[in-house]
Asks: 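Starting off with a structure, shown below.
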Amino acid sequence: SQQGEEDPQALSIQEGENATMNCSYKTSINNLQWYRQNSGRGLVHLILIRSNEREKHSGRLRVTLDTSKKSSSLLITASRAADTASYFCATRSGGGADGLTFGKGTHLIIQP
Amino acid sequence: DTGVSQNPRHKITKRGQNVTFRCDPISEHNRLYWYRQTLGQGPEFLTYFQNEAQLEKSRLLSDRFSAERPKGSFSTLEIQRTEQGDSAMYLCASTFVSGSYEQYFGPGTRLTVT
């Protein structure tokens, strides 16, 4: 079953604008990860944030985590056409349960 | 290419037939995962191995599904008596347990059951 929900389900913006995607999850977590998937392909890991971290940056990506609200956000700044893809958050519960639980994803379209 | 590879990339089979997929992880990775993804959904966890030991199986893994990783390197996922509901992308991922836990995914095997 899907643990999380991404919001919005779809997002279309102009190149150069910032894109923000949100993720909510249900159970306690060890870490939360964001992945990108281009159409019909495998997933690419973007960034991981641990449960004791609140914010993390990687290049044009900024991730926040609020464990009290069981939510995370992914910000992509200065978007490019190549950022067009589906973005998924995934949680790892830990404690021996090592499989990732993914949300349904946000489909991001960057208009040139 | 030293990434995760999966074969075949596409498989079309008739209902009731058995199919087997193969995954070759990144060579130094000791954990290997299988996921299933249907159209418009995120991947759903099926099972994972640490070396050759199968450590966790999801409830999605019915008794028609079996996975192996006999020598702790490549893995196979077999589906017996396929059903139309098995049509999906089957994704394999690997990682090295060192505290990072980011998973590296292969390109997937797309299964179509007619």
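Just so it is clear, the values below take in all heavy atoms, side chains as well, and ignore hydrogens, waters and symmetry mates. Lettering of chains follows the sequences in order, A, B, ..., and the numbering in each one begins at 1.
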Asks: Once you round to the nearest 0.5 Å, how far does CD of B/E102 lie from CD of A/Q33?
Replies: 7.0 Å
Asks: Tell me whether B/I12 at atom CD1 has more than 12 heavy atoms from other residues, nucleotides or ligands lying less than 6.0 Å away.
Replies: no
Asks: Which pair of heavy atoms, one from A/K104 and one from B/Q41, lies closest together, and at what distance?
Replies: CE-OE1, 3.5 Å
Asks: Can you establish whether the number of heavy atoms outside B/R15 located under 6.0 Å from its atom CZ is more than 12?
Replies: no
Asks: Hey, does the side chain of B/Y35 reach the backbone of A/L100 with a donor-acceptor pair shorter than 3.5 angstrom?
Replies: yes
Asks: If only atom types and distance count, is the side chain of A/Y35 paired as donor or acceptor with the main-chain N or O of B/F105 below 3.5 Å?
Replies: no
Asks: Enumerate, atom names and distances included, each donor-acceptor pair closer than 3.5 Å involving a side-chain atom of residues 14-23 of chain A, sequence neighbours excluded.
Replies:
{"residue": "A/E15", "atom": "OE2", "partner": "A/A81", "partner atom": "N", "Å": "3.3"}
{"residue": "A/E17", "atom": "OE1", "partner": "A/Q14", "partner atom": "N", "Å": "3.0"}
{"residue": "A/N18", "atom": "OD1", "partner": "A/A78", "partner atom": "N", "Å": "3.0"}

Asks: So which part of B/Q103 gets closer than 4.5 Å to some heavy atom of chain A, the side chain, the backbone, both or neither?
Replies: both
Asks: More than 12 non-hydrogen atoms from neighbouring residues, nucleotides or ligands closer than 6.0 Å to NZ on A/K56, yes or no?
Replies: yes
Asks: Show the nearest heavy-atom pair for residues A/G42 and B/L91, with the distance to one decimal.
Replies: CA-CD2, 4.3 Å
Asks: Are more than 12 heavy atoms from other residues, nucleotides or ligands located less than 6.0 Å from atom CZ of A/R80?
Replies: no
Asks: At a 4.5 Å cut-off on heavy atoms, which part of A/Q37 comes close to chain B: side chain, backbone, both, or neither?
Replies: side chain
Asks: What do you reckon, is CD of A/Q9 surrounded by more than 12 foreign heavy atoms closer than 6.0 Å?
Replies: no
